[in-house]
Structures are given as structure tokens and as C-alpha cells.
Student: 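Structure in C-alpha cells, see below.
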There are 2 protein chains.
Amino acid sequence: MVKITDVARHAGVSPSTVSYVLSGKRSISAGTRERVLASIAELGYRPHAGARALASSRSNVLALVIPLRSGIHVPVVMQIAVAAVTAARRHDHDVLLLTQEEGVEGLRRVADSALVDALIVMDVQMRDPRLPMLRELDRPSVLIGFPADADDLTCIDLDFRAAGEACAERLAGLGHRSIALIGSPPEVYARQTGYAQRVAEGFRAAVRRHGLTGEVYPCEATAEAARALVGRLLAERPGLTGVVVHNEPVMEPVVRAFGAAGRRVPDELSVVAICPEDLAEHADPPLTSVAVPADEVGRRSVELLMAKLGGERVPAATLLPPRLTARASDR
Amino acid sequence: MVKITDVARHAGVSPSTVSYVLSGKRSISAGTRERVLASIAELGYRPHAGARALASSRSNVLALVIPLRSGIHVPVVMQIAVAAVTAARRHDHDVLLLTQEEGVEGLRRVADSALVDALIVMDVQMRDPRLPMLRELDRPSVLIGFPADADDLTCIDLDFRAAGEACAERLAGLGHRSIALIGSPPEVYARQTGYAQRVAEGFRAAVRRHGLTGEVYPCEATAEAARALVGRLLAERPGLTGVVVHNEPVMEPVVRAFGAAGRRVPDELSVVAICPEDLAEHADPPLTSVAVPADEVGRRSVELLMAKLGGERVPAATLLPPRLTARASDR
DNA sequence: TTGAAAGCGCTAACAC
DNA sequence: GTGTTAGCGCTTTCAA
């Protein structure tokens, strides 16, 4: 193994000079830097991560806690993870993967052992058992999602309330008077995951503001459940002309079920979705939608952490504004 | 921060004794062990990961390289990742997430810096540019997938050839004489990802053995492509009564398109899939399928690595046998 | 069965 | 602008 003293000897400088060339923490004459870099390249030197972590008390590793729960769209999780890794690498950091299963204890473990410098926690619940620990931890963290009490915590997410509102507004603007929100599975509401409730809130607020008829219908994430719910809507809400869907797996089944019942999209029924861009684009017909900005959430979580690690102050809440893209599913 | 010397003092022993209690690498009297463990608990001691890695030249971290490519079913990747993390934790290891994007250089980086002890590489290509590096690396690795030349490498995957064969056998056993394989997108075949070709090989072998009519049709992973292909099959292969699908996103669209053309599944058309269990179970109708054993792949990859890290010899190839589960899509 | 002490490879304070 | 050196916290030989 090539170590820093080997490089130092080869370049005819001291180990600390090599270290400083690498870290940029003090100025080095052009000539010296050249020679050091040449030696590093020639010898194929890589600093030992453990030694570095020990000496500098920085591991350059971020923890990412991913959810395992049902009712969560897996590709979005994956997209956030990939975006986080990519962003972390740009800042010379790596990402350690933890599962929700590890719980509070897992967070404490990686933080206290100095395995990671900071943490990103996905799928935060309204009353999340991990919050007390995150607050008392000496390491920075970012939550993806907004708990009920976010004091002293840094949170980021799509502004789901505004998203629900934007979708209802869209339908109102197109002249629809009787609309519905097909939402997340009941268990997602039950465990008080904030985003589902916030979409519903925004939806209801817009309904009220425009004097519409509009209600919220939770739906299991299966095609069967979608068909059953559509049957119920056809019976209970004959005047229904607009639907907001916030539940990825049922989007297509809902459109098809309405179509099969003679309510073709978009001619006899307008549909607006809250989902990842690619799903909306490839649906049939392509769906007007508010994007879940997974890439941006992943990237900005990392950037918030890097800022905190750099001693900067960051906003406690980052609410990403919804962007609605019109496609072929409403009119 | 609590360190090992603090624990030692508190328990009235030397630091090395604390270390040995934790590692179990030498015998400790029951009384001493008790006292040490009590002190550890009382002080909330966690060994510093970097210090440990430096002194022991083991980081207890595994690298997992995940693919980003198109034509790959994301939930399967996620499932393998979660299974790997879970298995790694059982062996007191953590998992560092790398993206394909980091390429050969990324593997070298984490290995040479001693950030990780071993590597799991997903989505291995027939001629994968990373293979030479993995061979010369001083750290153990496991490939998920089989390259053309697997000498000196440890590989694991579902036996896709046997899976393709089992599906065709299933249809042959039910009396079907004219069958088809709807496979991965063309680009997956083009970049010589082994598994797509192996499914086709196995399928063709069974077709030959039973004297059937059977061909392979690559298909883009979109509903549009599925509909187009079904149209083509209806025209070109009027006698077709059995279909094997190995392409998750098009399974449902294929079934629906045949249904729309009056070829109801399973009465007028039998369908057998190669896909994750839950997708087959929740399809409409539930699909007879060979499972892609993502959990087992993730778990066993880790176990192979742990064995190699422990100095054991492991089999160069682990081919997981296909298990076909009969459901409601064939007869 | 236990302790003392020499590193592991790097960073950063201190000195010049 | 550069060198010297004392740790960082742990593991593991060597010794008893």
C-alpha cells in the first residue's frame, strides 16, 4: 500500500505538504504542488479513509435512511437515492445505505461510531420516533418530509399542500365543478404520513375557494382497488367530471376503469396526477401532472447537509414549489 | 466522546481487554467480561469506526454498485439492495452505495482507500469493463450476473437459462404447440446483458426439444410497444396459444392487449412470466411465473463475501434454480 | 487470563 | 512556503 510518507519521499517534501496539497488548506508554491501531484499520480496514491477519518474527525460519508414501507412508490425512493449519491460524490462524499428497519438505534450507531458525518432520513412521519434522537445528535441531518413538530430540524420536500391545491385549481380553471381526489392507501393516512394529508388539505382548500363539490377517497395501491373505487364513484358521484390522482400504481387502472365505463379521458373525464414525470409522460393518454421532483429532493438534501457541515446556517424548511405540466388527460 | 480508555478505566481493566471482550479474539474470564460489558453499556461506548479500520485494516463496509440503465426493473434493484443491507447488518457490516456511473474508477477508489472491504457489483455485462480491475483488486467481490469470461470471479444469479426453459416446458406440458417469448428491450440484448440471451437460449432449447413452434420477440418497456407487438403477433402468428413474458412493465399491457383482441387469458391464451413474485400475484389474472429471487440474490451475495473475507473458498458460480408457481394465467 | 506498548496512516498545530 | 511532530482511538503483538 502506498502511503503519504511514500509520496512525500518521492516528491522530496514532507508528509504535511502532501496533505496540504490534497486538502488545499494552506497555500503551496506552484512547483511543489506540481511535483507532489505528479508523485501521487505516478505512485497511484489513495489516502486511507480510516486514517483520514481518525485524524480529521470527518469520514466524508453521509447516511441515507430509506423506507421499506408499503404504499410508497419504489422508483421514487430509488431516484432520490441515486440523486443523493451523485450529489454527494460531487462534494467528495460517499453514501451509506441504511434501512428504516434499523430504526433509532441504527442512526445512533452510525453517528456515534463516527461512521458518518451527517444523515438524510426519508419518509418522515408526523410523529416520528427518530426525531428526539436526531435533535440531540451532534451531527447534522436533513429530513425528507415534514413532521408535526419540526423545531430545530431541517426538512425538505415537495410542497404537497400546494400540489393538491394546484391540481384542484387546474380542474376548476377548466370549468369542472364536481371533482374528486383519489389518494394514497388508507394505511398511509393512518400512520400520519404528512404528505397524504397535506395533498388532501390543499385539494379541499381549493375546492372551498371555488365553491366546487369535491371529496377525498383513499385507495389501496392495486388495480382491483382502483376498479372498485371507480365503480363507487360512478354510482355515488354521477356528476363527476374531474379527478386528481395521487397514487402511482392506480393511475392507469383508474383511467382504464373510467374508460371501460364509457367515461373516456379526457373527453368525458379530466384527470390530473401527482407523480414522477416519466410515469405521467408514458401513460396512455399522457397525464397532466404535478411532478414529484425526486432528483431535486435528493440533490438538495445533500447540499443542505454540505452547507451545515461547512458551518453555514440553512433554512429550516425547504418546500419545493409544485410545477404542473399540461398533457393530454384533461380539458 | 467515550473512548476505549474510558471504558477500561471505568471497568478497572486495560484497553486491550476491552478490545478483546468486543472482538472475542481471546478468552476473557466471565467476571471481567461482565464488568467490561456493564461499563460499555453504562458509558454508552461505541468504537470509533475510523480508528478501528485503521488499526485492523477492516472497515466492515461493503460496496454495492447499482445500475442506472434503462430496461432494468427498478423494484428488483431496490429489493436486492435492501436484502443486501439487511444481510450485511447481520454480519456486523454496513453497505456503501455506488452508482454504475462511477465506473471502474469508483471501484478502485473505494477499494484502494480501504473505505470498503469487499464489493458487490450488479448488472454485470457479458464484456464488462470493470472485470479486469475486479480481478486484480486485492479485495473480494461478487458479481450479480454472469459475464462471458467469469474466470477467477465469483458470480451469482437466477439460472435464467433454466428459467426460460422451465417456462417453455410449462407451456409444452399444457399441450401448447405454438408459443412466443416476449423479452427484454432490444437495447438489453444489444449490450449483451447475459440474462436476456440466456432466457432466450433456454426457451429455444425447450422449443426444439418438444418440436414446438416458438420465437423470441424483444420488446420496449412501454405499454405502447406492448400493444404494437401484440398486434404483430396476432397478424403473424395466428395459431399462437402460449406466451412467455420476461419484461415487467409490459406484462399487464400484453395481457390486456390480447384480451382486447378477443384472446382472453387464460382461456384463449396462456401466459407465463419471469418476474418478481408480488408482481405476478397482483396481476389480473394472477400470473403463473418463475420468480426473480431478488431477496435471495442480495442475501447470498453478502454471504459469499463474508465467506471470502473469512478466508473460505466459495463456488465460482451460484446459479439459483428457477421455481415456477402456477397461478391463473395458463391452462 | 491479563497488561503494556507499538504502531495503523493521516491531519493540523506549532515552529521556522 | 514548508517541515516536525504529537496525537486521533483502536488492535494486536509481546510479555508476564
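Protein chains get the first letters and strands the later ones, always in sequence-line order, with residue 1 at the start of each. Hydrogens, waters and symmetry mates play no part in the numbers below; they use all other heavy atoms, side chains included.
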Student: Can you measure B/Asp112 atom CG to C/dC10 atom P for me and round it to whole angstrom units?
Tutor: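 Going from CG in B/Asp112 over to P in C/dC10 covers 12 Å.
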Student: Taking all atoms of both residues into account, what is the closest heavy-atom pair of A/Lys308 and A/Thr154, and its distance?
Tutor: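 Heavy atoms only, the tightest pair is NZ-OG1, 2.6 Å.
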Student: So how far off straight is the helix from C/dT1-D/dA16 to C/dC16-D/dG1, going by the axes through five pairs at either end, to 10°?
Tutor: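 Taking the rotation axis at each end, their angle is 30°.
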Student: May I have the list of side-chain donor-acceptor pairs in residues 111-122 of chain B shorter than 3.5 Å, sequence neighbours left out?
Tutor:
unit_1, atom_1, unit_2, atom_2, d
B/Ser113, OG, B/Arg109, O, 2.9
B/Ser113, OG, B/Leu115, N, 3.4
B/Asp117, OD1, B/Ser59, N, 2.8
B/Asp117, OD1, B/Ser59, OG, 3.2
B/Asp117, OD2, B/Ser59, N, 3.2
B/Asp117, OD2, B/Asn60, N, 2.7

Student: Over how many whole Å does the gap from B/Arg9 atom CZ to D/dC10 atom P extend?
Tutor: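 So the two atoms are 12 Å apart, to the nearest Å.
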Student: Could you state the CG-C1' distance from A/Leu54 to D/dG9, rounded to the nearest angstrom?
Tutor: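 To the nearest whole Å, that distance equals 5 Å.
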Student: Is there a donor-acceptor contact under 3.5 Å from the side chain of B/His73 to the main chain of B/Val76?
Tutor: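 Flag not set: sc B/His73 to bb B/Val76 has no pair under 3.5 Å.
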Student: In whole angstrom, what separates A/Ile40's CD1 from C/dG9's P?
Tutor: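 Roughly 17 Å, once rounded to whole Å.
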Student: For B/Pro15, is there any backbone N or O sitting under 3.5 Å from a side-chain donor or acceptor partner on B/Ser19?
Tutor: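 Not confirmed, B/Ser19 side chain does not pair with B/Pro15 backbone.
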Student: Between D/dG9 atom C1' and B/Lys3 atom NZ, what is the distance in whole Å?
Tutor: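 It is 7 Å, rounded to the nearest whole Å.
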Student: Anything under 3.5 Å between a protein N or O and an N or O of nucleotides 12-16 of chain D, put it in a table, one pair a line.
Tutor:
unit_1, atom_1, unit_2, atom_2, d
D/dT12, OP2, B/Lys25, NZ, 3.1

Student: Grab the CZ-C1' distance between A/Arg52 and C/dG9 for me, whole Å please.
Tutor: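 Going from A/Arg52 (CZ) to C/dG9 (C1'), I get 11 Å.
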